[in-house]
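Each remark here refers to the structure printed beneath this line.
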Amino acid sequence: MDAPKAGYAFEYLIETLNDSSHKKFFDVSKLGTKYDVLPYSIRVLLEAAVRNCDGFLMKKEDVMNILDWKTKQSNVEVPFFPARVLLQDFTGIPAMVDFAAMREAVKTLGGDPEKVHPACPTDLTVDHSLQIDFSKCAIQNAPNPGGGDLQKAGKLSPLKVQPKKLPCRGQTTCRGSCDSGELGRNSGTFSSQIENTPILCPFHLQPVPEPETVLKNQEVEFGRNRERLQFFKWSSRVFKNVAVIPPGTGMAHQINLEYLSRVVFEEKDLLFPDSVVGTDSHITMVNGLGILGWGFSKAKLESMETYLKAVKLFRNDQNSSGEPEYSQVIQINLNSIVPSVSGPKRPQDRVAVTDMKSDFQACLNEKVGFKGFQIAAEKQKDIVSIHYEGSEYKLSHGSVVIAAVISCTNNCNPSVMLAAGLLAKKAVEAGLRVKPYIRTSLSPGSGMVTHYLSSSGVLPYLSKLGFEIVGYGCSICVGNTAPLSDAVLNAVKQGDLVTCGILSGNKNFEGRLCDCVRANYLASPPLVVAYAIAGTVNIDFQTEPLGTDPTGKNIYLHDIWPSREEVHRVEEEHVILSMFKALKDKIEMGNKRWNSLEAPDSVLFPWDLKSTYIRCPSFFDKLTKEPIALQAIENAHVLLYLGDSVTTDHISPAGSIARNSAAAKYLTNRGLTPREFNSYGARRGNDAVMTRGTFANIKLFNKFIGKPAPKTIHFPSGQTLDVFEAAELYQKEGIPLIILAGKKYGSGNSRDWAAKGPYLLGVKAVLAESYEKIHKDHLIGIGIAPLQFLPGENADSLGLSGRETFSLTFPEELSPGITLNIQTSTGKVFSVIASFEDDVEITLYKHGGLLNFVARKFS
């Protein structure tokens, strides 16, 4: 029986845009007077529900719940059907691999593999995984840093020779320089931009050369990630609705803002509001966009406006009638907001800049935990001398060793990036410098940032301080930094120093940037530059100078901090429309490397059994035409006994692959050297690597072990092993596994491999006090039962040691929130909640997860 057509229950709401148009839309304003006072975000949610109402995934009851949101907001959940999906490469590669593997499974079950496609338009950006091989102090001397076949990459698109400098030809409107500048650390040397991807001076559209480090990193990245890029290109060819943004363009969230957002969708003459679900935590930044007109004709703009007014989504502040009713109106006193950073281990721990010095001292004193490092009082003043590039420097607790400016989240606003540039300019002019051992880098969200930093003339000053553009990607924020120098590493080890990273990213979990850097702070771009100049976070900017000028005069932060008026003036002059038009052309044109990259176009992907990047996963190996009855979990051992706030970083790391890890052993056995390991994020298309990387975070605290380590106990033998090795033994013995956890299990970034990995380790259920909602959904989506202790109970209160075995039987008919009984090998019986929230989740679990459900649907 075919599923009912989406929107069938509300066909009576379909209207024609106007008498002369063939465009149609669902006029949701006809649902009654309640619509007139809905918040705008709820109106978009309601339209999507009406348009996609099929009686199963979206029910008429869900539509009415959204319309009556004010009384239902605290006790019901509703599905959401976005207009489009946005993936970055870390999450895009496993999604596309899943689709490719699903085609194989559908064919095996006798279905048509060509029917397997993403259900809605999907954009995929491939710059997220940028690694820093070359920066002002991190140019690797190995012939092939980071791995990959550079000979192949070189054949694709060798760098062109240095072109003649293009003069400004006397245009008085060009406020910046179109040449390489004169203030670079090494005479400002730049090389040419890759063919077909020019940066243009926005005032007269003359090419501006890309910094040399960008080109070098892009060259290595293309060679390193050739297999992944070929797979992405195959995906864009064979899957409907999939578009790949070429490499060297920018990060997902910023490209979403600058290029992908549409405000109003038009699909087969049906108009509906743009909405997006993305696999990057910054995608919600697009909420800040209103109506955009970039690249649209006047007629199309008018048509868009007509539609938005018809469904009452066109806000007019001149007319206050029909003002939306909100559940809460928050008033903010801007005078109460003070400059802040967050850290040293979690992004939610805010620290006022004025309190930074005292707070860091408190962290040194506190016992090891979410903030503390427990450094003995007599050790807190320790200093270790290092020799670097012919000079002597001193490191202590609080010394900055990593400083990265990334236009991430709100930091993609031109104002804060320009503020960093202006601060750098004033610092250089005052004679201030950044110590050379500090790993500095500048990773813009897109070429637009390079445009306005270059045209405004501040880029050479940033470069002078070491903040040279290394490419367009998350880089440091996901742990893809070049190694620290041996001198720094030895000093940190010798003095057991709590050194610091400072970055304008959004995640700073301990060990994420570098396993030897224990304290990491998130800050605005200008503050990153300021702390890099200071060389320490153990400073009070109000009373202590950043340094001295050539005459010995103290220079304080307030001496070089740009005024709001300065930043605004530069922004008005240099962030202009032609930049965004150039970005559109660049994306649609691609670049020579990408355009010349060969990729298959077969219906089924031709898996290379020797590949260590792309591998057909085993999710569908035991797939049957119909789902089998739910199986009991009998005599399961506990793989891990975890505490509170276990993040997806702990479960599925994205950063570097440790040389002594299970994943490293796997890659070494396939002939790779450590320099060719790349990162976990880059290898998410290989389930063998990702399974071995599950729970491989060095900061994982397993109560069985009693200290941070990616280890556990294999109880039948009593051995302490890597988590993967223990799980592998359990699977050979036919023993199912569960995980015990505390509160907020699965917090942090949304990662499908944080559920897929445990599933492939043999985990059948997780028993926790509470879950991060998205991660719990992922567990259900892969076929792991999310079990929850009864309120007020936990493993300790129930007297569980984790060394018992656990048995659980599911009833034939599951229902949302049903209570189940668990029996242990010690004879203890206790009740838990099966944390399924609706019939859809139960249906997916009975199918063994979302992937199996969809594969059966296509078969």
Side-chain angles (χ1 to χ4, degrees), residues 168-184 188 199-206 208 211 254 257-258 285 288-290 292-294 334-335 337-339 353 405-432 442 444-465 467 469 504 523-530 532-533 541 546 549 555-583:
C168 287
R169 303 173 189 244
Q171 286 92 336
T172 57
T173 52
C174 187
R175 305 296 200 276
S177 64
C178 292
D179 58 18
S180 61
E182 299 177 353
L183 292 173
I199 293 178
L200 302 178
C201 171
F203 295 99
H204 49 77
L205 303 183
Q206 292 287 349
V208 175
Q254 195 148 343
L257 284 165
E258 296 171 347
M285 291 167 56
L289 288 183
L292 308 180
W294 298 332
L334 296 181
N335 288 328
I337 297 176
V338 297
V353 171
V405 173
I406 310 166
S407 55
C408 180
T409 321
N410 61 307
N411 294 323
C412 79
N413 290 335
S415 58
V416 289
M417 295 298 288
L418 286 169
L422 290 170
L423 186 142
K425 181 177 183 293
K426 292 186 176 187
V428 170
E429 290 171 345
L432 300 177
L442 169 56
S446 78
M448 295 303 95
V449 184
T450 305
H451 273 279
Y452 60 70
L453 290 180
S454 178
S455 67
S456 62
V458 299
L459 190 56
Y461 296 95
L462 285 162
S463 181
K464 184 69 174 178
L465 294 181
F467 292 98
I469 294 178
S504 58
S524 67
L527 280 176
V528 170
V529 176
I533 294 170
F541 283 142
L546 292 172
D549 68 9
I555 304 296
Y556 293 85
L557 181 59
H558 61 78
D559 294 325
I560 61 172
W561 192 269
S563 68
R564 182 181 303 176
E565 292 73 22
E566 286 179 277
V567 174
H568 180 71
R569 177 182 57 78
V570 174
E571 184 177 11
E572 286 289 305
E573 290 183 7
H574 298 281
V575 182
I576 57 177
L577 181 61
S578 63
M579 293 181 175
F580 301 98
K581 291 180 178 178
L583 173 69

Passing candidate, side-chain contact (heavy atoms from CB on, under 4.5 Å) with M417, options L442, L462, V575: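 The residue from L442, L462, V575 that satisfies side-chain contact (heavy atoms from CB on, under 4.5 Å) with M417 turns out to be L442.
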State, to 0.1 Å, how close [X] and [Y] come at their nearest heavy-atom pair, and which atoms those are.
X    : Y    : value
Y556 : F541 : CD2-O, 4.3 Å
V528 : S504 : CG2-N, 3.6 Å
E571 : S415 : OE1-CB, 3.7 Å
K425 : E429 : NZ-OE2, 2.7 Å
V449 : P444 : CB-CB, 3.5 Å
A420 : P526 : CB-N, 3.7 Å

R569/E565 salt bridge by N-O under 4.0 Å criterion: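 No, this pair does not count.
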Contacts of A427 that satisfy side chain to side chain contact (heavy atoms under 4.5 Å, CB included) - sequence neighbours left out: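 Once residues adjacent in sequence are excluded, the partners of A427 under the side chain to side chain contact (heavy atoms under 4.5 Å, CB included) criterion are L432, L465, I533, I560.
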Set of side-chain hydrogen bond (donor to acceptor under 3.5 Å, both in side chains) partners for E566, sequence neighbours left out: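 For E566, the residues satisfying side-chain hydrogen bond (donor to acceptor under 3.5 Å, both in side chains) (neighbours in sequence not counted) are K426, S563.
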Set of residues satisfying side-chain hydrogen bond (donor to acceptor under 3.5 Å, both in side chains) with respect to D549, sequence neighbours excluded: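 T551.
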Test item: S456 side-chain N/O and Y452 main-chain N/O as donor-acceptor pair under 3.5 Å: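 Answer holds: yes.
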If I take atom [atom1] from residue [X] and atom [atom2] from residue [Y], how far apart are they, to the nearest 0.5 angstrom?
X    : Y    : atom1 : atom2 : answer
L423 : L527 : CG    : CG    : 8.5 Å
W561 : L546 : CH2   : CG    : 10.5 Å
L422 : L453 : CG    : CG    : 9.5 Å

